[in-house]
Amino acid sequence: MSPPLVLVHGLWDTPRLFRHLEAALAGGRSERLVPHLPHRCGHTSLTVLAERLGERIKATYGADLPIDLLGFSMGGVIARLWLQGLGGYRRTRRFFSLGSPQQGSLLALPWPQALMPGLAQMKPGSPLLRQLNDYISTLKAVECHSLFCRWDLMVVPGWTAVLPVGTRQELPVWTHRQLLTDPAALTPLTALLLQE
């Protein structure tokens with residue numbers, strides 16, 4: 001039996017974002033947690049959001065039950081921070097990074113750390129991303145998959161939306177949002193999530 005699947009939404013999103021994916025799963029992976037993690041338009045630091053994610057997982061599944069984890073957009077960086085920085089790797093079997101700025105996004109460059117820490121942490125070469133990339137041994141303990149859209153206009157450039165370890169798969173869609181709405185992306189993503 002598959003472990004629970006935890007879905008982490010991104011900036012300006014809510015758990016409703018995953019409705020197309022949940023419909024595509026059609027009863028598969030029935031045990032799911034989709035926490036609401038308000039970002040306050042980027043004012044909340046990713047570290048705080050990762051802590052909240054960990055609290056929700058622990059409150060729902062206890063301290064030890066294995067899980068699978070999928071993060072979309074900024075949610076993938078939050079999930080990765082929980083995995084690597086807060087010990088989540090110890091209980092995570094598989095991690096799916098979907099359209100997430102794991103190497104940063106040029107769109108985050110204008111935002112100052114003092115005003116928008118959550119957005120500033122997604123700048124290419126930010127201290128947070130450098131720290132995550134410098135210490136990837138914990139990430140190597142998890143089966144990792146990066147899925148991305150080459151022409152993504154939120155993660156710029158789109159091909160940098162990949163983890164430093166694991167598989168990489170370009171999905172044949174044109175926009176960031178289509179990663180979770182278009183059958184061309186949902187079909188391979190669902191197949192991967194249902195794979196044992």
Side-chain angles (χ1 to χ4, degrees), residues 2-3 5-11 13 17-18 21 29 37 39 45-47 49-51 53-54 57 66-108 118-173 176-180 185-186 188-196:
S2 297
L5 175 62
V6 179
L7 303 173
V8 186
H9 66 79
L11 186 66
D13 288 320
L17 166 80
F18 293 109
L21 175 60
R29 307 302 302 260
L37 301 172
H39 302 107
S45 102
L46 302 190
T47 306
L49 293 169
E51 290 169 354
L53 172 63
I57 292 171
I67 64 164
D68 283 352
L69 183 62
L70 181 146
F72 172 69
S73 194
M74 189 163 98
V77 181
I78 295 166
R80 181 180 174 193
L81 183 52
W82 173 73
L83 282 170
Q84 289 185 254
L86 300 173
Y89 72 92
R90 295 186 188 97
R91 63 180 302 170
T92 303
R93 182 183 71 150
R94 295 196 292 168
F95 174 41
F96 305 89
S97 173
L98 179 63
S100 296
Q102 301 295 355
Q103 306 302 325
S105 174
L106 296 178
L107 289 186
L119 289 175
Q121 287 173 313
M122 293 187 293
K123 294 179 183 185
S126 73
L128 174 70
L129 294 179
R130 280 201 317 268
Q131 180 183 11
L132 291 174
N133 285 331
D134 286 346
Y135 300 98
I136 61 169
S137 58
T138 51
L139 197 60
K140 289 179 178 177
V142 178
E143 180 186 319
C144 293
H145 303 275
S146 299
L147 301 101
F148 67 97
C149 162
R150 179 171 297 272
W151 311 112
D152 200 320
L153 295 179
M154 294 299 290
V155 181
V156 180
W159 50 265
T160 63
V162 294
L163 295 161
V165 299
T167 68
R168 298 173 179 188
Q169 183 176 357
E170 181 178 347
L171 297 176
V173 294
H176 192 65
R177 186 62 63 173
Q178 283 179 316
L179 289 167
L180 276 172
L186 286 173
L189 175 59
T190 301
L192 192 57
L193 289 171
L194 294 176
Q195 195 176 73
E196 288 300 329

Are any of the side-chain heavy atoms of [X] and [Y] separated by less than 4.5 Å?
{"X": "Arg80", "Y": "Phe95", "result": "yes"}
{"X": "Leu132", "Y": "Leu81", "result": "yes"}
{"X": "Met122", "Y": "Pro101", "result": "yes"}
{"X": "Ile67", "Y": "Leu5", "result": "no"}
{"X": "Leu70", "Y": "Phe18", "result": "yes"}
{"X": "Arg94", "Y": "Leu69", "result": "no"}
{"X": "Asp13", "Y": "His39", "result": "no"}
{"X": "Leu147", "Y": "Leu192", "result": "yes"}

Under 3.5 Å donor-acceptor, [X] side chain and [Y] backbone:
{"X": "Ser2", "Y": "Arg29", "result": "no"}
{"X": "Gln84", "Y": "Tyr89", "result": "no"}
{"X": "Ser45", "Y": "Thr47", "result": "yes"}
{"X": "Thr190", "Y": "Leu186", "result": "yes"}

Heavy atoms only: give me the nearest [X]-[Y] pair and the separation to one decimal.
{"X": "Met154", "Y": "Ser105", "result": "O-OG, 2.7 Å"}
{"X": "Ser100", "Y": "Val155", "result": "C-CG2, 4.1 Å"}
{"X": "Val8", "Y": "Ala79", "result": "CG2-CB, 4.4 Å"}
{"X": "Gly99", "Y": "His176", "result": "O-CE1, 3.2 Å"}

As an exercise, state the distance from [atom1] of [X] to [atom2] of [Y], rounded to the nearest 0.5 Å.
{"X": "Thr92", "Y": "Arg90", "atom1": "OG1", "atom2": "CZ", "result": "10.5 Å"}
{"X": "Leu37", "Y": "Met74", "atom1": "CG", "atom2": "CE", "result": "9.0 Å"}
{"X": "Glu51", "Y": "Ile78", "atom1": "CD", "atom2": "CD1", "result": "11.5 Å"}
{"X": "Phe72", "Y": "His9", "atom1": "CZ", "atom2": "NE2", "result": "11.5 Å"}
{"X": "Asp152", "Y": "Arg177", "atom1": "CG", "atom2": "CZ", "result": "11.0 Å"}
{"X": "Leu7", "Y": "Phe96", "atom1": "CG", "atom2": "CZ", "result": "10.5 Å"}

Point to revise | Under 3.5 Å side-chain donor-acceptor pair for Ser97 and Gln102 | key: yes
**Study point:** Any donor-acceptor N or O pair under 3.5 Å, side chains Asn133, Gln103
**Key:** yes
Exercise for review: In sequence, state the C-alpha distance, the side-chain angles, and the governing distance for Leu11 and Leu119, and then conclude on side-chain contact (heavy atoms from CB on, under 4.5 Å).
Suggested key: CA-CA 9 Å; Leu11 186 66; Leu119 289 175; 3.3 Å; yes
**Study point:** Trace of the side-chain contact (heavy atoms from CB on, under 4.5 Å) decision for Leu193 with Leu21
**Key:** CA-CA 10 Å; Leu193 289 171; Leu21 175 60; 3.9 Å; yes
Review point. Stepwise, does the side-chain contact (heavy atoms from CB on, under 4.5 Å) test hold for Cys149 with Leu171?
Key: CA-CA 5 Å; Cys149 162; Leu171 297 176; 5.7 Å; no
Using distance only, find each side-chain donor-acceptor pair of residues 156-169 under 3.5 Å and give its atom names and separation, not counting sequence neighbours.
from: Thr160; atom 1: OG1; to: Pro157; atom 2: O; distance (Å): 2.7
from: Thr167; atom 1: OG1; to: His145; atom 2: ND1; distance (Å): 2.6
from: Arg168; atom 1: NH2; to: Leu163; atom 2: O; distance (Å): 3.0

Exercise for review: Tell me, with the steps shown, if Gln121 and Val77 meet side-chain contact (heavy atoms from CB on, under 4.5 Å).
Suggested key: CA-CA 9 Å; Gln121 287 173 313; Val77 181; over 6 Å; no
